[in-house]
Amino acid sequence: GEPVTGIDMTLHPGSVLAGPVSILNEQEATAGDVYAMQQVGTEWMQVATSLISTTGTYEISGLPAGVYRLWASSYFDTANYRDYLSGVYQGNTLENAQNITLTTSETKTNLDIVLGVGQNDGVVMGKVTAGDAPLAGIRVNLYSAGSDPSYYPFWNAIIYTYTDESGLFKLGGLSSG
């Protein structure tokens with residue numbers, strides 16, 4: 001064929017959605033996925049994905065202009081893939097999550113996603129002391145046994161928090177078991 005000339009095209013790098021992912025606003029999520037969703041008819045469909053980094057952040061790039069919602073998922077216990085958590089940006093479910101409108105080549109950051117809100121209501125709380133004196137700033141880990149003790153004979157730390165100035169701690173959003 002003949003070469004065609006005189007046609008100009010402008011390519012745009014695409015838009016970006018980024019931010020942190022936390023578990024119950026208490027600790028950063030260090031594994032999992034974040035999904036950019038767009039409404040098609042009455043359904044929200046996944047159009048792009050990002051892994052949650054080991055520092056608890058995500059970045060979804062190359063998106064065309066449009067309206068999106070963010071949904072994320074992760075596990076408390078990544079060794080055994082148990083205790084699944086999910087969350088959305090500014091809502092409790094995908095249906096009531098906040099819309100995010102992107103223009104061409106726009107970047108939106110600090111779109112915080114909190115996993116586990118309203119999902120489970122189990123709580124472990126207590127006080128750490130030395131003698132009668134409360135201890136502040138002490139890390140308290142919650143452990144889970146492997147799903148098959150003969151195959152996973154070890155206990156795995158699945159979530160943690162730190163004691164406050166009164167030595168008190170609270171780990172929430174836990175499933176039964």
To the nearest 0.5 Å, what is the distance between [atom1] on [X] and [atom2] on [Y]?
X      : Y      : atom1 : atom2 : value
Leu168 : Thr129 : CG    : OG1   : 10.5 Å
Thr57  : Asp112 : OG1   : CG    : 11.5 Å
Gln46  : Tyr35  : CD    : OH    : 6.0 Å
Leu115 : Trp71  : CG    : CH2   : 9.5 Å
Asn99  : Tyr68  : CG    : OH    : 12.0 Å
Ser74  : Ile113 : OG    : CD1   : 11.5 Å

Nearest heavy atoms of [X] and [Y], plus distance in Å:
X      : Y      : result
Arg139 : Tyr162 : CB-CE2, 3.4 Å
Gln38  : Val47  : OE1-CG1, 3.9 Å
Ser166 : Pro134 : O-CB, 3.1 Å
Tyr58  : Leu17  : CE1-O, 3.7 Å
Ala36  : Leu70  : CA-CD2, 4.1 Å

Looking at [Y], is its backbone amide N or carbonyl O close enough to the side chain of [X] to form a donor-acceptor pair, meaning the two atoms are under 3.5 Å apart?
X      : Y      : value
Thr163 : Ile138 : yes
Ser22  : Glu28  : no
Arg69  : Leu94  : yes
Ser86  : Ala72  : no
Ser15  : Thr103 : yes

- Query: With side chains defined as the heavy atoms from C-beta onward, is the minimum distance between Leu102 and Leu63 less than 4.5 Å?
  - Reply: yes

Passes side-chain contact (heavy atoms from CB on, under 4.5 Å), Ile100 versus Lys108? Steps please.
CA-CA 9 Å; Ile100 304 163; Lys108 290 196 177 182; 3.8 Å; yes

Checking Val34 against Ile60 for the side-chain contact (heavy atoms from CB on, under 4.5 Å) test, could you report, in this order, the C-alpha distance in whole Å, the side-chain angles of both residues, the deciding distance, and whether it holds? CA-CA 8 Å; Val34 177; Ile60 302 173; 4.0 Å; yes

